[in-house]
2 protein chains.
Amino acid sequence: MPETAAESRREELLRIAAGLFAEKGFKNTTVRDIADAAGILSGSLYHHFDSKESMVDEILVRFQTELFGRYDEILASDLDARTKIEQAVRLSFETIDRRGPEVAIFQNDAGYLGNFDRFAYLADRNAQSRQVWMTLLTEGIEAGVVRKDLDIQLVYRFIRDTVWVAVRWYRPGGDLTPDHVADQYLAILLEGITHG
Amino acid sequence: MPETAAESRREELLRIAAGLFAEKGFKNTTVRDIADAAGILSGSLYHHFDSKESMVDEILVRFQTELFGRYDEILASDLDARTKIEQAVRLSFETIDRRGPEVAIFQNDAGYLGNFDRFAYLADRNAQSRQVWMTLLTEGIEAGVVRKDLDIQLVYRFIRDTVWVAVRWYRPGGDLTPDHVADQYLAILLEGITHG
DNA sequence: CTGGTAACCAAACAAGTGCTTGGTAGGCTA
DNA sequence: TAGCCTACCAAGCACTTGTTTGGTTACCAG
């Protein structure tokens with residue numbers, strides 16, 4: 001049942017939990033659901049983890065560390081403004097393809113989890129994401145490739161919503177590749193927010 | 001506490017429940033939450049409603065009847081293809097403005113509720129929404145206003161995601177009007193999916 | 001053979017869940 | 001005055017929830 005031979009039992013449990021959290025939501029997934037899917041009793045989960053919260057915490061922290069590392073690479077690169085926006089969009093759809101459960105958890109449960117002190121970093125990451133995109137769009141305007149007659153705050157929200165909510169319908173291994181989806185969205189977006 | 005003087009107690013309870021369902025999700029809202037917000041005990045809710053499910057059922061059926069009635073008006077009108085698409089987009093943002101809780105419930109809980117036979121109509125309404133948009137986009141292509149080099153299925157998903165997920169951040173009575181938001185999105189969308 | 005460790009079981013706990021039951025208070029109508 | 005109706009309370013029930021505790025099994029290094 002391990003995805004890879006070297007995967008420890010703990011990693012396997014985290015992967016199982018992530019799948020269930022993504023599918024049914026964090027609050028609606030019981031520790032008995034997770035244990036059943038792993039073929040053990042619910043109490044046995046507490047040999048590996050402190051609590052249900054600890055599981056989703058570990059899942060989200062790892063994921064966001066990776067994701068924002070990639071954002072930073074794009075920001076720090078010497079690509080032109082238009083290509084940076086393109087890369088950021090492609091990164092989103094690739095992430096949905098490879099880390100679907102984590103994206104879904106962040107999309108669906110960040111609001112609920114954000115109520116707890118322990119998950120305060122979720123709001124920080126949200127602000128960071130906004131900062132990344134505002135930088136990209138501003139650079140685009142300064143470079144003269146992005147229209148300046150648009151409300152840039154709204155443009156950010158539209159892009160963020162479209163690229164991340166795709167996790168609701170995108171299925172890895174299906175007919176659509178992340179590249180094809182990104183191509184199509186960029187065809188609409190770039191013709192829309194750039195002139196010429 | 002009634003929104004209008006003529007509002008019956010029953011209507012008031014439904015409105016309170018809708019607000020809580022939208023904010024915390026259907027499953028995460030307890031009958032005690034609803035009763036507390038209404039200033040009564042949880043058991044007293046069962047004088048007005050059969051079950052918690054009945055409440056969300058009534059909320060969703062009413063909402064969808066109204067919404068799809070409006071879609072049908074647009075489809076049946078003699079407006080040109082481009083204007084019909086424009087109206088459909090405006091309808092979404094206006095609906096988020098006036099019926100925010102209902103939109104949020106449909107967006108967040110349709111997946112979970114759809115597991116029960118009682119809510120099978122949710123999937124039907126989803127298919128109906130898809131049909132409406134595919135008709136609008138196809139008419140647009142036939143009229144020569146919409147580009148035909150795009151994957152029309154993906155275009156539909158992008159539009160649907162963006163216009164409805166806006167319920168997550170749009171706040172009625174704030175700085176943004178539904179018309180302004182619609183203007184901005186249409187500025188991006190139409191320049192992107194139409195030629196000329 | 002010994003000791004230690006990782007993984008798990010079996011059973012229970014307190015808190016919270018949707019819902020039921022029998023009753024009560026106040027107003028309207030005949 | 002009597003009967004009925006709407007709206008609610010008070011108390012509880014059966015079930016589910018996350019978590020705890022003490023014990024068991026298989027394996028591996030010395």
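The model shown is predicted, which means the values in this text are computed figures rather than measured ones.
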Check step by step if salt bridge (Lys or Arg N to Asp or Glu O under 4.0 Å) holds for A/R62 and A/E58.
CA-CA 6 Å; A/R62 286 188 195 180; A/E58 192 164 338; 2.7 Å; yes
Check the distance between C/dT21's C1' and B/D50's CG and give it to me in whole angstrom.
16 Å
What is the distance, rounded to the nearest whole Å, between atom CD of A/E11 and atom P of C/dA7?
11 Å
In whole angstroms, how far is the P atom of C/dT17 from the CG atom of B/D36?
10 Å
Residue-phosphate contact under 4.0 Å: B/Y46 side-chain N/O, C/dC19 OP1/OP2
yes
For atom CG of A/D33 and atom P of D/dT16, their distance in whole Å:
12 Å
Would you call the rings of A/F119 and A/Y121 parallel, tilted or perpendicular, taking 30° and 60° as the class edges?
tilted
Would you tell me whether A/R125 and A/Q128 have side-chain atoms, one donor and one acceptor, within less than 3.5 Å of each other?
yes
State whether a side-chain donor-acceptor pair under 3.5 Å links A/S51 with A/S54.
yes
Any residue in residues 18-28 of chain A with a heavy atom nearer than 4.0 angstrom to DNA chain C? Just list them by number, or reply none.
none
Using OP1 and OP2 only, check whether a side-chain N or O of A/H48 sits under 4.0 Å from C/dC8.
yes
A/L45 CG to C/dC8 P: how many Å, rounded?
9 Å
Which part of the nucleic acid, if any, lies within reach of B/T29 when heavy atoms closer than 4.0 Å are counted: base, sugar-phosphate only, or nothing?
sugar-phosphate
Excluding B/L41, membership of its hydrophobic cluster (Ile, Leu, Val, Met, Phe, Trp, Tyr; side-chain heavy atoms within less than 4.5 Å) reads none
Residue list, side-chain contact (heavy atoms from CB on, under 4.5 Å) with B/T95, at least two apart or on another chain:
B/F63, B/L67, B/L91, B/R99, B/V103, B/W164
Under the side-chain hydrogen bond (donor to acceptor under 3.5 Å, both in side chains) rule, collect the residues that match up with B/K24, sequence neighbours excluded.
B/D33
Just the rounded figure in Å: distance from P of C/dG18 to CD1 of B/I34.
8 Å
Nearest 0.5 Å, what's the OG1-CD1 distance between A/T29 and A/I34?
6.5 Å
Might you list the N or O atoms of the protein lying below 3.5 Å from N or O atoms in nucleotides 9-16 of chain C, with each pair's distance?
residue, atom, partner, partner atom, Å
C/dC9, OP2, A/L41, N, 2.6
C/dC9, OP2, A/S44, OG, 3.0

Nearest whole Å is fine: how far is C/dT17 P from B/K52 NZ?
9 Å
Below 4.0 Å: OP1/OP2 of C/dC8 and any side-chain N or O of A/R9:
yes
Can you list, by chain and residue number, the hydrophobic cluster partners of A/V165 when the side-chain cut-off is 4.5 Å?
B/V165
